[in-house]
J.: 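Mind looking over this structure? Questions follow.
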Amino acid sequence: MDIGNQSVDFSHKPLRHPITETLAVEMLDGILPLGTPLTLENIQERFSISRTVAREVAGKLESVGAVDVRRRIGLLPRPVEEWTSLNPDVISWKLKSSRRLDQLRSLTELRVAIEPAASFLTATRASIDQRGLFPPLATKMRQAGESGNLELFHKLDAIFHSLILQHSGNDLFAAFSDIISAVLRGRVELDLYPTCPRPIALDLHDAVATAIWEGNGGATQQATQAIVDEVSEAIGFSDRRNA
């Protein structure tokens, strides 16, 4: 089967990473369909890599449920429903595939469900030093947003929301911090951010930061809910957007 000669950037990552991503995205896009085996020899020849690296690629894909590896047959793509949905690599691959909008919708719905609750816990459980991180971070976000430094703003935004989960005192919420970062990166990559942050978004981040610092769980949860609702509406994923 001819699967093309897609170029791969091997810089700044272990060799197996971009190769694994390329194959995973091709499976998600149907270029490597279900039931079509891909051998280690195919991978070696296509990407000019060693047998060892090809095995690492196969091992990674197998570890997240993307393929079954069978002796004398090769790698058999599995239905995407059987992949490990919350694995950060799987999330990243989906966001780079033709499934990107569906994946971003699912991630946004997850964020709407968990982040307000996590923010309440951060305000009521985090140490004073941890709570003290939020007001200066919100100030830097406003400065970056109002000055048009969108790259810095997006980085600070990801840090802000990741810290809410990390300092919630709940290990399961904390485990979602990488996923929330993926949501924010996906929104940037899909060009679903405004050309500059909306004033209401900056104001709401200030409100969350202040409420966390003051230990006001109710106010924190309310402001965080407003943020995620605003995001959902802004990117067209809210059922209430036409209300």
J.: Could you walk me through whether I180 and I164 pass side-chain contact (heavy atoms from CB on, under 4.5 Å), step by step?
T.: CA-CA 10 Å; I180 297 302; I164 287 176; over 6 Å; no
J.: Say whether L156 and W213 are linked into one hydrophobic cluster, either directly or through other cluster members, by side-chain heavy-atom distances under 4.5 angstrom.
T.: no
J.: Looking at side-chain heavy atoms only, is the closest gap between T22 and R46 below 4.5 Å?
T.: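 Yes, at least one pair of side-chain atoms sits under 4.5 Å.
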J.: Donor-acceptor pair, distance only, cut-off 3.5 Å: does the side chain of T36 make one with the backbone of L32?
T.: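 Not a single qualifying donor-acceptor pair exists.
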J.: What do you reckon, is CD of E45 surrounded by more than 12 foreign heavy atoms closer than 6.0 Å?
T.: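 At most 12 heavy atoms, drawn from other residues, nucleotides or ligands, come within 6.0 Å of this atom.
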J.: Honestly curious: do L163 and V228 fall in one hydrophobic cluster under the side-chain, below-4.5 Å linking rule?
T.: no
J.: Hey, is CD on E56 packed in by over 12 heavy atoms from elsewhere, all under 6.0 Å?
T.: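 Buried by this count: over 12 neighbours within 6.0 Å.
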J.: Could you state the interatomic distance from CG (L104) to CG (L95), rounded to the nearest 0.5 Å?
T.: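 So the CG of L104 and the CG of L95 are separated by 6.5 Å.
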J.: side-chain hydrogen bond (donor to acceptor under 3.5 Å, both in side chains) for T220 and S119? Distances and angles first, verdict last.
T.: CA-CA 6 Å; T220 303; S119 70; 5.8 Å; no
J.: Which heavy atom of G217 sits nearest to which heavy atom of T124, and what is that distance?
T.: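 Closest pair (atom of G217, atom of T124, distance): CA-CG2, 3.9 Å.
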J.: Hey, what do you get for CG (D29) to NZ (K96), rounding to the nearest 0.5 Å?
T.: 13.0 Å
J.: So do the side chains of F134 and T122 get within less than 4.5 Å of each other, counting heavy atoms only?
T.: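 Answer yes - side chains close enough.
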J.: Nearest 0.5 Å, what's the OG-CG distance between S181 and L107?
T.: 11.5 Å
J.: Go through the steps to decide whether L86 and F176 satisfy the test side-chain contact (heavy atoms from CB on, under 4.5 Å), and finish with yes or no.
T.: CA-CA 9 Å; L86 293 179; F176 280 103; 4.1 Å; yes
J.: Is R142 salt-bridged to D203, going by a charged N under 4.0 Å from an acidic O?
T.: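 Result for this pair is yes, salt bridge flagged.
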J.: If every non-hydrogen atom of A58 is compared with every non-hydrogen atom of L40, which pair is closest and at what distance?
T.: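 Heavy-atom minimum between the residues: CB-CD2, 3.9 Å.
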J.: How about Q225 and E115: do any of their side-chain heavy atoms sit closer than 4.5 Å?
T.: no
J.: State whether a side-chain donor-acceptor pair under 3.5 Å links T39 with N42.
T.: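 Checked: T39/N42 side chains pair up, N/O donor to acceptor below 3.5 Å.
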J.: Within the 3.5 Å criterion, strictly below it, is a donor on S232 or T108 matched to an acceptor on the partner's side chain?
T.: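 Per modelled atom types, S232 and T108 side chains form no pair under 3.5 Å.
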J.: Could you state the interatomic distance from CG (L23) to CD (E21), rounded to the nearest 0.5 Å?
T.: 10.5 Å
J.: Any side-chain heavy atom of K94 within less than 4.5 Å of one from V25?
T.: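 Of all side-chain heavy-atom pairs linking V25 with K94, none is under 4.5 Å.
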J.: So does S97 get a backbone contact from the side chain of R100, meaning a donor-acceptor N/O pair under 3.5 Å?
T.: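 Judged by distance alone, yes, a pair lies under 3.5 Å.
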J.: If every non-hydrogen atom of R131 is compared with every non-hydrogen atom of I212, which pair is closest and at what distance?
T.: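 Shortest heavy-atom separation between R131 and I212 comes out as CD-O, 2.9 Å.
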J.: Is it possible for you to say whether F160 and L133 belong to one hydrophobic cluster, with membership spreading through side-chain heavy-atom contacts below 4.5 Å?
T.: yes
J.: Tell me whether the count of non-hydrogen atoms from other residues, nucleotides or ligands lying under 6.0 Å of CZ in R125 goes above 12.
T.: yes
J.: Mind checking whether H154 and L152 have side chains closer than 4.5 Å, heavy atoms only?
T.: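 No, too far: nothing below the 4.5 Å cut-off.
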J.: Which distance, rounded to the nearest 0.5 Å, do you find between the CG of L38 and the CE of M27?
T.: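 These two atoms lie 6.5 Å from each other.
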J.: Tabulate below the donor-acceptor pairs under 3.5 Å that side-chain atoms of residues 63-78 make, not counting sequence neighbours, or state none.
T.:
residue, atom, partner, partner atom, Å
S63, OG, K60, O, 2.7
R78, NE, E82, OE1, 3.1
R78, NH2, E82, OE1, 2.9

J.: Looking only at non-hydrogen atoms, find the nearest pair between P116 and Q221 and report the distance.
T.: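 Result for this residue pair: O-CG, 3.4 Å.
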J.: Using only atom types and a distance under 3.5 Å, with no angle test, would you say the side chain of N216 pairs donor to acceptor with the backbone of A211?
T.: no
J.: Could you tell me whether the side chain of S85 and the main chain of E81 form a donor-acceptor pair under 3.5 Å?
T.: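 Absent.
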J.: Charged N to carboxylate O below 4.0 Å: is that the case for E233 and R198?
T.: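 No, no charged N to carboxylate O under 4.0 Å.
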J.: Do the non-hydrogen side-chain atoms of W93 and L61 ever get within less than 4.5 Å of each other?
T.: yes
J.: Checking side-chain contact (heavy atoms from CB on, under 4.5 Å) for the pair L184/R111: CA distance, chi angles, key distance, verdict?
T.: CA-CA 10 Å; L184 298 172; R111 182 184 177 192; 3.5 Å; yes
J.: Looking only at non-hydrogen atoms, find the nearest pair between P37 and G35 and report the distance.
T.: CD-O, 3.3 Å
J.: Does the side chain of H205 reach to within under 4.5 Å of the side chain of I227, using non-hydrogen atoms?
T.: yes
J.: Quick one: CZ on R55 to CD1 on I49, what's the gap to the nearest 0.5 Å?
T.: 11.5 Å
J.: Under the rule for side-chain hydrogen bond (donor to acceptor under 3.5 Å, both in side chains), what residues qualify as partners of D178, not counting sequence neighbours?
T.: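 Per chain and number, D178 pairs via side-chain hydrogen bond (donor to acceptor under 3.5 Å, both in side chains) with no residue.
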J.: In terms of side-chain heavy atoms, does D89 have a donor or acceptor partner in H17 at a distance below 3.5 Å?
T.: no
J.: Tell me the closest heavy-atom pair linking D206 and A138, and the distance in Å.
T.: OD1-CB, 3.5 Å
J.: Does a side-chain heavy-atom distance below 4.5 Å link H161 with L165?
T.: no
